Amino acid sequence: MIALIDCNNFYVSCERVFDASLMGKPIVVLSNNDGCAIARSEEAKALGIDMGTPEHMIRDQLQAHNVRVFSSNYTLYGDMSRRVMMVIKELVPKAEIYSIDEIFCDMSNMPFTDLAALAAGIRETVMRCTGIPVSVGIAPTKTLAKMANRYAKKKFREIGVYCADSKEKTEAMLLFTEVADIWGIGRQHELKLQTEGCRMAADFIRLPQEWVLKEMTVVGYRTQMELNGTPCIKWEEVAPAKKNICTSRSFGQLVTSKREIQQALATFTSACARKLRAEKTCATSMHVFVQTNVHRKQDEQYLSSIVLDIPVASNCTTELMKFSMTALNILFKPGYKYHKTGITVMNLVPEKQIQLGLFDTAQRERDEKVMKALDDVNRQYGHDTVRIAKQEFNKSWKLRSNFKSKRYTTQFSELAPIKAK
DNA sequence: TCTGGGGTCCTAGGACCC
DNA sequence: TCTGGGGTCCTAGGACCC
């Protein structure tokens, strides 16, 4: 049996751990740039605030109901996630971190027969150690475990556990779950299924296999198999190496000058290079794009991108910047109001196996030392404490982040204060 | 005025080879 | 008038995830 443990309203719960006055209040966490609502407390959901709604469309509602609003604080959420995962991994023999707030656990070799009771124990331990509430779904496959987790949240909120260990209990949640809420079925497949007269998961599992293969490819077929109790999705206890690494952001305000886009892109390139070094990989090509704001119908639109080969695979900030700046020189056209830029480094290869170019020199060794020093300093004092000249901060392009909480767990200067009476 | 960011996998079709 | 066939590799685009 497989358990899927999922943190409840994770970002909101993280904020609550450090501010008890937030309990029971409606809370919303916004995406980067304070753009959309991406996490909501139960109280906020009850007000009808939907996932992904732009902030400016719900601003009145937020004020009217005194909703507490936060900018996203990924430093805090990332660290809280690490803690939750660490606690859970201590309690089960085999686990796979699936996302910042979810983890699959293999429950097949546990020395307990009552899995629901075991799950309740895990919930309680995570709460005690981290302050984060979680829900647990248990079932024979990953897709069913995801469904059981959702079912637990919807139908057994207080218990927070659902164990689909019998035909009847599995059938109950298949009858309850709409096709759109099945893990692996998105907007397009939902529409197809609806025209086929298929509304609930219980209908979907009965569709002929030929139809599913033809209309939803093997991906949909695997989902169907999983819902029928046959595992098709393998375990990945150690995260497979990344194939691409991307850093991109919308600007806090529209930008017209090339110089400012250069600064932004240089900063994103630096972030990509740092991520590459953390993964111990090098990139052999990069994709760079610039674009205007597609939502502004009144503005002339421009979107362009380019892929450049990197002759000798690299994770050196200055080296990658040379290429991304070249790309920008090709892409940039004056006269547009730019909204976003970004870089994806691709075709990653392990640091150790780089094919040296014909004209490669001892430069590489020196670069490595410089990058290591740069990473060491920045790890200790915060990203971009030491940076490359091109990143020079003008900041007009910087993210909006007007409601950010402290980095309570990773910066000494931002620790939560404790009042002693 | 204001609409996130970072990923993966699959397929179809073109280029190329023998 | 007749105009091979089979295989691999690569890429763009679609769909999905959190």
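Convention: sequence-line order gives letters A, B, ...; per-chain numbering from 1. It should be emphasised that the depicted structure is a prediction, and the values quoted were computed from it without experimental measurement.
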Applying the Watson-Crick and G-U criteria (both distances under 3.5 angstrom) with [ ] for crossing and | for other-strand pairs, one obtains for DNA chain C ....||||||||||||||
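- A distance of 11.5 Å separates CD in A:Q411 from CG in A:L76, rounded to the nearest 0.5 Å.
- Evaluation of the salt bridge (charged side-chain N to carboxylate O under 4.0 Å, His left out) test over residues 209-224 of chain A, restricted to residues two or more places apart or in two chains, returns A:K192-A:E215.
- Cation-pi geometry between A:K142 and A:W183 is not satisfied (NZ or CZ under 6.0 Å from the ring centre, within 45° of the ring normal).
- In terms of phosphate contacts, A:H339 brings a side-chain nitrogen or oxygen within less than 4.0 Å of OP1 or OP2 of B:dT3.
- Distance noted for atom C1' between B:dG4 and C:dC17: 15 Å (whole Å).
- Across all strands shown, A:T344 has no heavy atoms under 4.0 Å from either base or sugar-phosphate atoms.
- Across all strands shown, A:I245 has heavy atoms under 4.0 Å from sugar-phosphate atoms exclusively, and none from any base.
- Contacts between residues 224-241 of chain A and DNA chain C, defined by a heavy-atom separation below 4.0 Å, involve no residue at all.
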In 5'-to-3' order, the base (B), backbone-only (S) or no-contact (-) status of each nucleotide in nucleotides 7-16 of chain C, using a 4.0 angstrom heavy-atom cut-off, is --------SS
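- Residue A:D101 is in sugar-phosphate contact alone, with no base atom involved, counting any heavy-atom pair closer than 4.0 Å across all strands shown.
- Between A:Y338 and A:F251, the ring centre distance reaches or exceeds 6.0 Å.
- Using a 4.0 Å heavy-atom distance criterion, A:H287 is classed as making no nucleic acid contact.
- Remark: A:E319 pairs with A:S314, A:C316, A:K322, A:F323 by the side chain to side chain contact (heavy atoms under 4.5 Å, CB included) rule, at least two apart or across chains.
- Considering only heavy atoms from C-beta on, A:M346 stays 4.5 Å or farther from A:K243 through its side chain.
- A:V294 comes within 4.0 angstrom of no nucleic acid atom, judged by non-hydrogen atoms across all strands.
- Between B:dT3 and A:N33, no contact under 4.0 Å exists linking OP1 or OP2 to a side-chain N or O.
- Within the structure, salt bridge (charged side-chain N to carboxylate O under 4.0 Å, His left out) contacts touching residues 15-41 of chain A (residues at least two apart or in different chains) are A:R16-A:E43.
- Residue contacts for A:R400: at a heavy-atom cut-off of 4.0 Å it reaches the sugar-phosphate backbone alone, with no base atom in range.
- OP1 or OP2 of B:dC2 sits under 4.0 Å from a side-chain N or O of A:R296.
- In terms of position on DNA chain B, the residue among A:Q298 and A:Y11 whose nearest nucleotide sits closer to the 5' end is A:Q298.
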